[in-house]
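First the structure, in the form of structure tokens, and then the observations on it.
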Amino acid sequence: MSWWGEPTSFLQVVPDVVETPATQVLPPTGLFYSARMAGREMVDADGVFTQFYEHMRLPDYFGWNWDALRDCLYDLSWLTATHFLLTIDDAEFVLSGSSEERDTLYRTLVSAAGHWAAKPELPGQEKISFRTVLLCSPGAASGLSAELQL
């Protein structure tokens with residue numbers, strides 16, 4: 001299965017020792033933006049917002065809350081790209097003290113991907129794709145995958 005194909009691939013858990021064929025991870029043709037975030041720096045909401053602000057180059061008006069993050073991920077006009085890949089290393093540490101906030105983050109990411117997937121393809125404009133990959137240790141993969149049953 002390609003990371004860029006089916007809607008079920010909007011948010012994927014990938015153990016950091018798995019060898020993945022390049023054909024699964026390569027995006028479609030077009031301008032590409034990749035942001036790699038440190039899950040160990042995202043143990044609370046402020047850490048999450050800081051990683052997104054820095055690595056997604058969020059605008060200065062970003063409001064540092066979940067609604068503001070969703071709004072920015074629904075816009076992305078400050079980045080010149082048609083394909084977006086967010087990678088979160090050590091994903092098992094993300095919001096590890098709050099399953100409620102972790103669920104909010106996952107829902108925000110899936111919602112943003114769904115938003116872009118649902119937009120019609122207009123003449124003269126490329127369709128935007130948005131994906132997130134959660135890299136984790138092999139021992140954490142099944143637990144994270146189970147949490148993604150949104």
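Side chains included, hydrogens not; waters and symmetry mates left out as well; all remaining heavy atoms used.
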Inset, instruction - Kindly say whether the aromatic ring centers of His115 and Tyr74 come within a distance under 6.0 Å. - result: yes
Inset, instruction - Output the distance between atom CZ (Arg102) and atom CZ (Arg107), rounded to the nearest 0.5 Å. - result: 13.0 Å
Inset, instruction - Taking the side chain as every heavy atom from C-beta outward, state whether His83 and Tyr33 have any atom pair closer than 4.5 Å. - result: no
Inset, instruction - State, with a plain yes or no, whether a side-chain heavy atom of Leu58 is found less than 4.5 Å away from one of Trp78. - result: yes
Inset, instruction - May I ask you to check whether Glu92 and Ser137 show a side-chain donor-acceptor distance below 3.5 Å? - result: yes
Legend entry - side chain to side chain contact (heavy atoms under 4.5 Å, CB included) evaluation trace for Asp71 with Asp75: CA-CA 6 Å; Asp71 291 348; Asp75 181 356; over 6 Å; no
Inset, instruction - Return the minimal non-hydrogen interatomic distance between Gly39 and Val94, and the atom names on each side. - result: CA-CG2, 3.7 Å
Legend entry - Derivation of the side chain to side chain contact (heavy atoms under 4.5 Å, CB included) call for Leu109 and Leu86: CA-CA 9 Å; Leu109 293 169; Leu86 311 184; 3.8 Å; yes
Legend entry - Step-by-step side chain to side chain contact (heavy atoms under 4.5 Å, CB included) determination, Asp67 to Leu69: CA-CA 5 Å; Asp67 288 338; Leu69 180 60; over 6 Å; no
Inset, instruction - Indicate yes or no for a side-chain donor-acceptor contact from Lys127 to the backbone of Ala117 under 3.5 Å, with no hydrogens or angles considered. - result: yes
Legend entry - Between Asp60 and Tyr53, a side-chain donor and acceptor under 3.5 Å: yes
Legend entry - Nearest heavy atoms of Leu76 and Trp116, plus distance in Å: CD1-NE1, 3.7 Å
Legend entry - Glu101 to Ser98 - nearest heavy-atom pair and separation: N-OG, 3.1 Å
Legend entry - Validation row, ring centre Trp66 to ring centre Phe49 under 6.0 Å: yes
Legend entry - Residue that, paired with Val48, satisfies side-chain contact (heavy atoms from CB on, under 4.5 Å) out of Thr108, Ile88, Thr104, Leu95: Leu95
Legend entry - For the student: nearest non-hydrogen atoms of Phe84 and Leu79, plus distance: CE2-CD1, 3.8 Å
Inset, instruction - Answer whether the closest heavy-atom distance between the side chains of Val133 and Leu85 falls below 4.5 Å. - result: yes
Legend entry - Donor-acceptor pair, side chain of Thr82 and main chain of Leu31, under 3.5 angstrom: yes
Inset, instruction - Please answer whether the main-chain N or O of Gly63 pairs with a side-chain N or O of Asn65 as donor and acceptor at a distance below 3.5 Å. - result: yes
Inset, instruction - Taking the side chain as every heavy atom from C-beta outward, state whether Arg36 and His55 have any pair of such atoms under 4.5 Å apart. - result: no
Legend entry - Arg131 CZ to Thr87 OG1 distance, which is reported to the nearest 0.5 Å: 13.0 Å
Inset, instruction - Please answer whether the main-chain N or O of Phe93 pairs with a side-chain N or O of Asp90 as donor and acceptor at a distance below 3.5 Å. - result: no
Inset, instruction - Go through the steps to decide whether Met37 and Phe52 satisfy the test side chain to side chain contact (heavy atoms under 4.5 Å, CB included), and finish with yes or no. - result: CA-CA 8 Å; Met37 297 178 225; Phe52 273 87; 3.7 Å; yes
Legend entry - Heavy-atom pair with the smallest gap, counting every atom of Gln51 and Ala38: OE1-N, 2.8 Å
